[in-house]
Engineer: 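Before we start, here is the structure in question, set down as structure tokens.
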Amino acid sequence: MSRLRRMAAPLVLAVGGGLFAAAPAAEAAPAACDTTSTPYTYVVTYQPGTRASAVDRELAAKCGTKVAYYAPIGVAIASSRNADFQQKIGVYRAYSGGKDVASQGAAASARSLGAVRTLEDTRSVAAAGDLSAQQWDMKAIHAPEANKIYQGSRAVTVGVLDSGIEATHPALKAAVDPAASAGCITGAPDLTPASWAPTTSDHGTHVAGTIAGKDKATGFTGIAPGVRLASVKVVNDAGYIFPESAVCGFVWAAEHGFAVTNNSYYIDPGMFFCAHEPGDAAAFEAVRRAIEFSTRHGVLNVSAAGNSGFDTTKQTTDPNRPHPVDSTCGILPKAIDGVVKVSSVGYEGTKSSFSNYGEIDVTAPGGDFGQTPPEGAGPSCPLSTVVGGQYGSKCGTSMASPHAAGVAALIASRFRGIPPQLLARILEGEADVVKCPATETECTGPAKDSSYYGHGLVDALDAVH
């Protein structure tokens, strides 16, 4: 929230029976702004609706420059070289993920997708023969049967907030909509094709294929090949997703009429952001406002639960940063109300060993190296598109989330203009119950709302009936 600068009241003295207002002391000239140090990007919060001119004035006065300003939610993206910029603005109003990473020095590493990379073990698959035989994940959610009935509507756009999509891939070129795509790395949308294309990661391309890929030559088919895909690049070349990129992505989705977004990441550099901590508060609030703005504009946001293998409701420490975690903290974006949280199951249909659990809405195939399919059924990790026009397998809740997003896209295609809250309810209601294994004491709750599987395994066939 915007904080007004406190002004000292002029001293009032009694002089000869009357009142005399002493002239205020002259203020010291402000120090010159730093023009040589490394610039960092910040999210800065204001009262929603604050005029852009007022934002410009404050940022300039405090040694910052505006990168973007999202007036409806009162969030500015600013750049500054000044080490004390956050203090000038207010530690509860400004935050820089990039500066936070830099402060960690050489020990810092890309974590949001990095946590997934240790699981992905991307394996190329020869694009020959019938790849559908290796898509056990699609069979698990009855996608092949659903495809025979309905493949989704071109009027529905699914935003892939990720590392970019290879739009020339044979299975994706018919689905990707360049006009709806943008790069959001800087916090401001960039419409040039290079800004939303993959550079150092094929993560987003793999996610996209699961949602809406289709290649007749290989037999590969995603869940909803009839819908459109938008590549919204929020992952930088180091693998980080900072708050400003996510804010840009969610606002872009809202302003361009997306029905669904998939978010197979968590926001860096902390795994948990705490709503009442200095710095964290600004990041949490900025992302919360952006997500709620997208929800108000008809977008259902779907998010991966994470790959740390723990109960997110019981964490007391952040694996990435040395600060305590309590009920005011959460993994972004999935901690925000209205975001569908997706856990992962392997080939056998039980929770993947790496999948987070606790507050889960639905589950979907994400693979598990310990759940090996029989010969010919495909790799342990779901098969999908990768850069270079190729196919490969990856494991992770990152792979589970787009399965749920794809099923949501089918539902949104059937019921055009459906509110996201109702869309989520149908997605959950049509899910197939997955019971807690008797040996898993950490799996708690009723069969239709458990800590491992939420309302159950998403079902594409039920979505199109």
Side-chain angles (χ1 to χ4, degrees), residues 1-8 27 30-31 33-34 37-104 184 186-188 234 240-251 267-270 272-294 318 321 323-326 328-333 335-337:
M1 300 295 289
S2 178
R3 293 171 182 253
L4 298 175
R5 181 183 298 174
R6 292 197 288 178
M7 305 298 288
E27 292 187 7
C33 296
D34 186 343
S37 298
T38 302
Y40 291 106
T41 304
Y42 295 78
V43 288
V44 182
T45 58
Y46 290 85
Q47 289 280 8
T50 298
R51 291 185 177 181
S53 58
V55 172
D56 289 337
R57 284 195 300 272
E58 182 187 33
L59 294 179
K62 296 177 180 178
C63 298
T65 56
K66 184 176 71 181
V67 175
Y69 177 52
Y70 302 103
I73 61 173
V75 175
I77 313 301
S79 176
S80 179
R81 297 178 185 272
N82 271 55
D84 62 350
F85 178 75
Q86 184 183 39
Q87 286 68 36
K88 287 176 179 288
I89 293 290
V91 295
Y92 288 92
R93 287 184 52 215
Y95 176 76
S96 172
K99 190 170 187 291
D100 206 350
V101 166
S103 70
Q104 298 174 37
C184 274
T186 66
V234 297
Y240 287 105
I241 301 94
F242 292 132
E244 61 268 19
S245 302
V247 167
C248 171
F250 288 118
V251 174
I267 293 173
D268 289 304
F272 289 83
F273 281 83
C274 301
H276 302 301
E277 289 287 328
D280 275 27
F284 194 101
E285 180 65 8
V287 173
R288 183 193 68 79
R289 292 184 192 180
I291 290 174
E292 291 187 354
F293 178 74
S294 70
D318 189 322
R321 293 188 295 170
H323 69 72
V325 169
D326 59 26
T328 70
C329 308
I331 299 173
L332 299 177
I336 306 303
D337 289 346

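All values derive from a computational prediction rather than experimental measurement. Quick note: residue numbers are just sequence positions, from 1. FYI, side chains are in, hydrogens and waters are out, and symmetry mates aren't considered; it's all heavy atoms of this structure.
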Engineer: E292: what forms a salt bridge (Lys or Arg N to Asp or Glu O under 4.0 Å) with it, not counting sequence neighbours?
Structural biologist: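 Once residues adjacent in sequence are excluded, the partners of E292 under the salt bridge (Lys or Arg N to Asp or Glu O under 4.0 Å) criterion are R288.
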
Engineer: Any idea which heavy atoms bring C248 and G187 closest together, and the distance?
Structural biologist: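 Between these two residues, the closest heavy atoms are CB-O, 3.4 Å.
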
Engineer: Can you tell me how far CD of Q86 sits from OG of S80, rounded to the nearest 0.5 angstrom?
Structural biologist: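 Answer rounded to 0.5 Å: 11.0 Å.
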
Engineer: So, using salt bridge (Lys or Arg N to Asp or Glu O under 4.0 Å) as the criterion, who are the partners of K88 when residues are at least two apart?
Structural biologist: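 Only D84 meet the salt bridge (Lys or Arg N to Asp or Glu O under 4.0 Å) criterion with K88.
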
Engineer: I'd like to check the salt bridge (Lys or Arg N to Asp or Glu O under 4.0 Å) partners of D56; sequence neighbours left out, ordered by chain and number.
Structural biologist: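 For D56 the salt bridge (Lys or Arg N to Asp or Glu O under 4.0 Å) partners, ignoring immediate neighbours, are K66.
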
Engineer: Taking the side chain from Y69 and the backbone from T50, do they hold a donor-acceptor pair closer than 3.5 Å?
Structural biologist: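 Judged by distance alone, yes, a pair lies under 3.5 Å.
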
Engineer: So, using side-chain hydrogen bond (donor to acceptor under 3.5 Å, both in side chains) as the criterion, who are the partners of D34 when residues are at least two apart?
Structural biologist: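 Listed in chain order: T36, S37.
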
Engineer: Tell me whether the NZ or CZ atom of R289 lies within the 45° cone about the ring axis of F250 and under 6.0 Å from its centre.
Structural biologist: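 Because its charged atom misses either the 6.0 Å distance or the 45° angle limit, R289 does not stack over F250.
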
Engineer: Please step through side chain to side chain contact (heavy atoms under 4.5 Å, CB included) for the pair F85 and K99, ending with a clear verdict.
Structural biologist: CA-CA 11 Å; F85 178 75; K99 190 170 187 291; over 6 Å; no

Engineer: Identify the two heavy atoms, one from A283 and one from V43, that lie closest to each other, and give their separation to 0.1 Å.
Structural biologist: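 Residues A283 and V43, closest heavy atoms: CA-CG2, 4.1 Å.
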
Engineer: Can you measure from NZ (K62) to SG (C33) and round to the nearest 0.5 angstrom?
Structural biologist: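 Here the interatomic distance stands at 12.0 Å.
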
Engineer: Please check if the side chain of R93 supplies one atom and the backbone of T45 the other of a donor-acceptor pair under 3.5 Å.
Structural biologist: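 Pair found, side chain donor or acceptor close to backbone of T45.
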
Engineer: Just do the side chain to side chain contact (heavy atoms under 4.5 Å, CB included) check on V251 and V75 with the steps written out, would you?
Structural biologist: CA-CA 11 Å; V251 174; V75 175; over 6 Å; no

Engineer: So which atom in A246 and which in I267 form the shortest heavy-atom distance, rounded to 0.1 Å?
Structural biologist: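 The pair with the smallest heavy-atom distance is CB-CD1, 3.6 Å.
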
Engineer: Taking atom OH of Y95 and atom CD of E244, what is their separation to the nearest 0.5 Å?
Structural biologist: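 Taking OH in Y95 and CD in E244, the distance rounds to 9.5 Å.
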
Engineer: What are the two closest heavy atoms between A275 and A281, and how far apart are they?
Structural biologist: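 In this case the closest contact between A275 and A281 is O-CB, 3.3 Å.
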
Engineer: Roughly how far, to the nearest 0.5 Å, is the CZ atom of R321 from the CG atom of D280?
Structural biologist: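 If I round to the nearest 0.5 Å, the distance is 4.0 Å.
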
Engineer: Which residues satisfy the ring-ring contact (aromatic ring centres under 6.0 Å, His included) test with F293, sequence neighbours excluded?
Structural biologist: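 If we apply the ring-ring contact (aromatic ring centres under 6.0 Å, His included) test to F293, skipping adjacent residues, the hits are H297.
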
Engineer: Taking ring-ring contact (aromatic ring centres under 6.0 Å, His included) as the definition, give me every residue that meets it alongside F272, ordered by chain and number, with sequence neighbours left out.
Structural biologist: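 F272 satisfies ring-ring contact (aromatic ring centres under 6.0 Å, His included) with no other residue.
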
Engineer: OG1/T328 to CD/E277 distance, rounded to the nearest 0.5 angstrom?
Structural biologist: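 Here the interatomic distance stands at 7.0 Å.
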
Engineer: Got a second to check how far I77's CD1 is from F242's CZ, nearest 0.5 Å?
Structural biologist: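 If I round to the nearest 0.5 Å, the distance is 13.0 Å.
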
Engineer: What closest approach, in Å, do A102 and Y40 show between heavy atoms, and which atom pair accounts for it?
Structural biologist: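 The answer is CB-OH, 3.3 Å.
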
Engineer: Looking only at heavy atoms, which two atoms of V101 and P269 are closest? And how far apart?
Structural biologist: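 Here V101 and P269 meet closest at CG2-CB, 3.5 Å.
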
Engineer: Before giving the answer on side chain to side chain contact (heavy atoms under 4.5 Å, CB included), spell out for T186 and T41 the whole-Å C-alpha distance, their side-chain angles and the decisive distance to 0.1 Å.
Structural biologist: CA-CA 8 Å; T186 66; T41 304; over 6 Å; no

Engineer: When you measure from the side chain of D268 to the backbone of I241, do you find a donor-acceptor pair of N or O atoms at a distance under 3.5 Å?
Structural biologist: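 Judged by distance alone, yes, a pair lies under 3.5 Å.
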
Engineer: Under the criterion side chain to side chain contact (heavy atoms under 4.5 Å, CB included), I'd like the reasoning laid out for I89 against Y42: C-alpha separation, chi angles, the key distance, then a yes or no.
Structural biologist: CA-CA 10 Å; I89 293 290; Y42 295 78; over 6 Å; no

